[in-house]
There are 2 protein chains.
Amino acid sequence: MSTDPVWPEEMFSDLDRTGPVPLYYQISSRLERAIREGVIPAGARLENEIAIGERLGLSRPTVRRAIQELVDQGLLVRRRGIGTQVVQARVSRPVELTSLHEDLTRVGHHPTTEVLSVEHVAADEDAAARLQVPVGTVISRIRRVRSADGTPMAILENLLPPEFADITAADLEKQGLYEMLRARGITIKIANQTIGARRTHGDEHELLDIAKGSPLLTMDRVAFDHGGRVVEAGHHCYRPDLYSFETTLVSR
Amino acid sequence: MSTDPVWPEEMFSDLDRTGPVPLYYQISSRLERAIREGVIPAGARLENEIAIGERLGLSRPTVRRAIQELVDQGLLVRRRGIGTQVVQARVSRPVELTSLHEDLTRVGHHPTTEVLSVEHVAADEDAAARLQVPVGTVISRIRRVRSADGTPMAILENLLPPEFADITAADLEKQGLYEMLRARGITIKIANQTIGARRTHGDEHELLDIAKGSPLLTMDRVAFDHGGRVVEAGHHCYRPDLYSFETTLVSR
DNA sequence: GAGTGGTCTAGACCACCAT
DNA sequence: TGGTGGTCTAGACCACTCT
């Protein structure tokens, strides 16, 4: 048995077969938007891969790859012998290789950053281990407070290797750290993150405008470029009443 | 230019071309083990896809898929025009659709579970919303304490829809909840997780043997089967000095 | 038995990077 | 200029599910 098309006729009428954007990506991103906006409703059954391919003039592997992207995101479910369906559950976007600054902007908040300090210091043993540089190397240590719509949300402490010694406080007020690195042609390929919790220490409660000793949500991250070099090491603490980490897990 | 083989000659000598295990999976899992065990060292360059295919008697798409699995896991990095390399950074396994019970077992700890209560109650508004059942439906509410090697690590509160009303405390002492669901043929396809932090409430500090009002790491999860039905809704709190969430993020 | 997704093959052309 | 991964095609066979 086959299924009627569940998307508007013209949805894929303007595929660009010559440009740099892969066909599978054009398909999957259009489909993703239609699903997230509800144009294709939860529970809807898609046509089978071959039928879609014929309608769009694409080979089956290309259609398949587009669909697989959405399966990996948790938007679609496939079962052999059954078909492909739009998932019923609400799906959150995965934790991504972006900064808090970009996260907030995307959600429509207005993030501001106060740079508390930009120091150039000799790496102690701990910092050297995290950045994978020799002890004593002169590194940059940044401390910032990020607010959304005027409310302090997080304290961001970052360590940078020597090559970024010229980054200034003024730069960091305007852009997120990751934007700035990207503008310098630095591509972050991999990051290891650890999410935990602890009490406030030192002046953290003042900076975040919460009670002394109250809980903080923490995230430690080490980011690497394609060559395996450490680009950045961060220790962030978030106000747990204002911030949490959401993920959607998909079984393989 | 081409590269010398970086893995032992016999590593892929016993591929099973008739069994149910996909060839790409046989390749990727063997490669993963070799990388994690250091048999293939960090920074090593792999041969190109076509050469590997010829050596193993496989087509390029099959080899490519095997490699892609490891790229998605953050173990390999590929760059066009350059080649494929083993990543230098330590890579942690991603947060998975498994239970804490299985996580601990895998790391070699001995998890024990104390079942505090198994109740069958009418769902209030909050519980009904989380399980997506009508208010007043009789659901199961489970409360457990999980310990590793005798130390309490987490309080696990779970809500189950009516179909699991027959699960007993005795069952839960022996197996993780997820194992039990799997044994009943329930496949969890998707889960939404939120990780946060808060202070202890009520008797939580006693159960976890920590100070009253101290920080907890929390994880809320709603798990769905392939049909979008809610299988389980959980609220877990962890001792932040004993537990944290690790992830490796990979840029696409 | 009919229909579906899962896997695999054998090619092709292109964009990017190094030399 | 040669080597690499990125994309795409046009088939094929199989395993699974429903009726």
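Chain A is the first sequence line, chain B the second, and so forth, proteins listed ahead of strands; every chain is numbered from 1.
When each of L31(B), L56(B), I27(B) is tested with M11(B) by the rule side-chain contact (heavy atoms from CB on, under 4.5 Å), just one qualifies, namely L31(B).
At least one side-chain heavy atom of Q193(A) sits under 4.5 Å from a side-chain heavy atom of M219(A). F12(B) places a side-chain heavy atom less than 4.5 Å from the side chain of W7(B). Looking at heavy atoms from C-beta onward, L160(B) lies in side-chain contact with I167(B) at the 4.5 angstrom threshold.
Taking only side-chain nitrogens and oxygens, R65(B) never comes nearer than 4.0 Å to OP1 or OP2 of dT9(C). Residue T62(A) places no side-chain N or O under 4.0 Å from the OP1 or OP2 atom of dT7(D). The side chain of Y24(A) contributes an N or O atom lying less than 4.0 Å from OP1 or OP2 of dT7(D). At the phosphate of dG5(D), OP1 or OP2 sits under 4.0 Å from a side-chain N or O atom of T84(B). At dT4(D), none of the side-chain N or O atoms of R78(B) fall inside 4.0 Å of OP1 or OP2 (strictly under the cut-off). Taking 4.0 angstrom as the limit, N48(A) places none of its side-chain polar atoms (N or O) nearer than this to OP1 or OP2 of dG3(C).
A 6.0 Å sphere centred on CZ of R55(A) holds more than 12 heavy atoms belonging to other residues, nucleotides or ligands.
When heavy atoms are screened at a 4.0 angstrom cut-off, I50(B) is found touching no nucleic acid atom at all.
Residues forming a side chain to side chain donor-acceptor pair (under 3.5 Å) with S244(B) (at least two apart in sequence, or on another chain): none.
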Distances for protein N/O vs nucleotides 11-13 of chain D N/O pairs under 3.5 angstrom?
| from | atom 1 | to | atom 2 | distance (Å) |
| --- | --- | --- | --- | --- |
| dA12(D) | N6 | R60(A) | NH1 | 3.1 |

Review item, nucleotides 15-19 of chain D N/O atoms under 3.5 Å of protein N/O:
| from | atom 1 | to | atom 2 | distance (Å) |
| --- | --- | --- | --- | --- |
| dA15(D) | O4' | R80(A) | NH1 | 3.4 |

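The separation between L56(B) atom CG and dA10(C) atom P is 14 Å, rounded to whole Å. Computed from coordinates, the R64(B) CZ to dT4(D) C1' distance equals 10 Å when rounded to whole Å.
Ion pairing of R229(A) with E163(A) is absent here, as no side-chain N (NZ or NE/NH1/NH2) approaches a carboxylate O to less than 4.0 Å.
Looking at S29(A), its side chain does come within 3.5 Å of a backbone N or O of Y25(A) through a donor-acceptor pair. The closest donor-acceptor contact from the side chain of Q26(B) to the backbone of V21(B) lies under 3.5 Å.
Comparing atom distances between the E49(B) side chain and each of dG5(D), dT4(D), dG5(C) picks out dG5(D) as nearest. In this structure, of dG5(D), dC8(D), dA10(C), it is dA10(C) that holds the atom nearest to the side chain of S59(B). For P22(B), the listed nucleotide lying nearest its side chain is dC8(C); candidates were dG5(C), dC8(D), dC8(C).
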